[in-house]
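Any value given below was found using the heavy atoms of this structure, including those in side chains, with hydrogens, waters and symmetry copies removed. Remember, it's 1-based here, ligands and their atoms both numbered in the order they're listed.
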Amino acid sequence: MTTTRVLANPADLARAAAEVMLARIGETLARRGQAVVVLAGGSTPRPCYRELSALAATRGARLGGVTWLFGDERWVPVGHPDSNEGMARRELLSPLAVIEGRIVSWEAGCGTPVDRARAYAERLGELGKPDLVLLGIGADGHTASLFPGSTAHLPDGRQLPVSPEIPARAAAIVRGDHPGWRLTLCPVYLTASRSVVFLAAGEPKRAAVARALAGDPQTPAAWIRGEETLYLVDRDAVPDIGGSLQYA
Ligand code: 6PG
């Protein structure tokens, strides 16, 4: 089931996302004592992570059973300002005092991108399905690093166009029009999640959100549905689709 909630502004969006994440993580920990959580990169999640670390502290939430993954990564070391892992560590994982054994790093920048994708895919196999996946969406409809028209370099050496059917849990990505590698989780892994939460703020995302909600096959974000899929959008990013929108 897919639900869209519209928040008044990015600050309300961040607070709502933090509440949803803490609720889903708490439910999972109560049910099985462990939780696998995939964090989104980019800029939209940053205030959400800040809110989540503050909320967890205020609520005395015990999150030691969570293993934290990253939906995608740029080909830079964790100390680089563009690192998604670096941002999540600063805003969330360090404030939560998460131990290193509970953080699954892509180790971007080490070895080759395909080696890193292979290592990550193997680790995912050990961890099993994700319980919560947080994703952003680009104006072009990409999510994680599943960019329209890009090429996926798979752990087994194959190179395939990015599609919903990429036969791998993780891949290295090359975009034709853009230098540099990306690392990404693939639809087969992301769609296995109990809960998928998309975050989108700002008018530039509106058309992509509309295409994703409409199931446009050319929009990678449309490929990712969990058992539950929730779009948290602010008023500027809300598509004109009428009907099934919940205004917070
Ligand atoms: C990344 C992200 C990417 C991001 C979207 C939206 O590495 O950049 O994983 O998929 O979620 O590009 O980015 P913003 O939140 O910065 O708009």
Side-chain angles (χ1 to χ4, degrees), residues 7 9-14 16-18 21 37-52 68-78 80-93 104-109 113 116-117 120 130 132-150 152 162 164 166 170-175 177-187 189-191 193 196-212 219-224 229-234 236-239:
L7 290 307
N9 54 57
D12 285 0
L13 172 62
M21 287 186 75
V37 175
V38 177
L39 295 175
S43 58
T44 305
R46 185 180 294 121
C48 159
Y49 298 158
R50 213 172 288 150
E51 290 285 345
L52 177 56
W68 303 88
L69 308 178
F70 308 97
D72 70 325
E73 189 55 279
R74 294 85 182 271
W75 189 245
V76 293
V78 67
H80 189 282
D82 289 346
S83 169
N84 287 333
E85 176 180 339
M87 182 273 284
R89 282 179 178 267
R90 284 191 301 277
E91 303 295 349
L92 178 62
L93 304 180
V104 184
S105 174
W106 285 93
E107 298 180 330
R116 296 283 63 80
Y120 218 80
L132 173 62
V133 170
L134 188 72
L135 290 168
I137 185 168
D140 63 355
H142 80 264
T143 192
S145 283
L146 300 166
F147 291 90
S150 60
V162 158
I166 299 172
I173 299 292
V174 174
R175 289 172 279 178
D177 59 345
H178 192 286
W181 287 90
R182 288 286 192 106
L183 298 164
T184 194
L185 298 184
C186 296
Y189 181 77
L190 296 170
T191 53
S193 184
V196 172
V197 177
F198 280 95
L199 304 179
E203 191 281 333
K205 306 297 178 74
R206 180 180 298 169
V209 169
R211 292 198 306 272
T219 299
W223 304 343
I224 313 302
T229 306
L230 173 63
Y231 277 75
L232 294 176
V233 300
D234 77 350
D236 290 336
V238 69

Do [X] and [Y] make a side-chain contact, defined as non-hydrogen atoms from C-beta onward lying under 4.5 Å apart?
{"X": "Val104", "Y": "Phe70", "value": "no"}
{"X": "Leu93", "Y": "Leu39", "value": "yes"}
{"X": "Val38", "Y": "Tyr189", "value": "yes"}
{"X": "Ile224", "Y": "Phe198", "value": "yes"}
{"X": "Asp72", "Y": "Ile173", "value": "no"}
{"X": "Val197", "Y": "Met21", "value": "no"}
{"X": "Tyr120", "Y": "Leu69", "value": "yes"}

List ligand 1 atoms under 4.0 Å from [X], heavy atoms only on the residue side.
{"X": "Gly136", "answer": "11 (O)"}
{"X": "His142", "answer": "3 (C), 5 (C), 10 (O), 12 (O)"}
{"X": "Lys205", "answer": "6 (C), 14 (P), 17 (O)"}

*Nearest neighbour of atom 3 (C) of ligand 1 from the list Gly138, Gly42, Ala144, on a heavy-atom basis*: Ala144
Check [X] against ligand 1 and report side chain, backbone, both or neither, counting heavy atoms closer than 4.0 Å.
{"X": "Leu135", "value": "neither"}
{"X": "Arg74", "value": "side chain"}
{"X": "Asp72", "value": "side chain"}

Can you tell me the protein heavy atom closest to [atom] and the distance?
{"atom": "atom 16 (O) of ligand 1", "result": "Ser43 OG, 2.7 Å"}
{"atom": "atom 6 (C) of ligand 1", "result": "Ile137 O, 3.5 Å"}
{"atom": "atom 15 (O) of ligand 1", "result": "Thr44 OG1, 2.6 Å"}

*asked:* Out of the candidates His178, Arg175, His142, Arg182, only one should pair with Ser150 under the side chain to side chain contact (heavy atoms under 4.5 Å, CB included) rule; please name it.
replied: Arg175
*Indicate yes or no: does an N/O atom of Thr143 lie under 3.5 Å from an N/O atom of ligand 1?*
no
*Take every heavy atom of Arg182, measure it against each atom of ligand 1, and state whether any distance is under 4.0 Å.*
yes
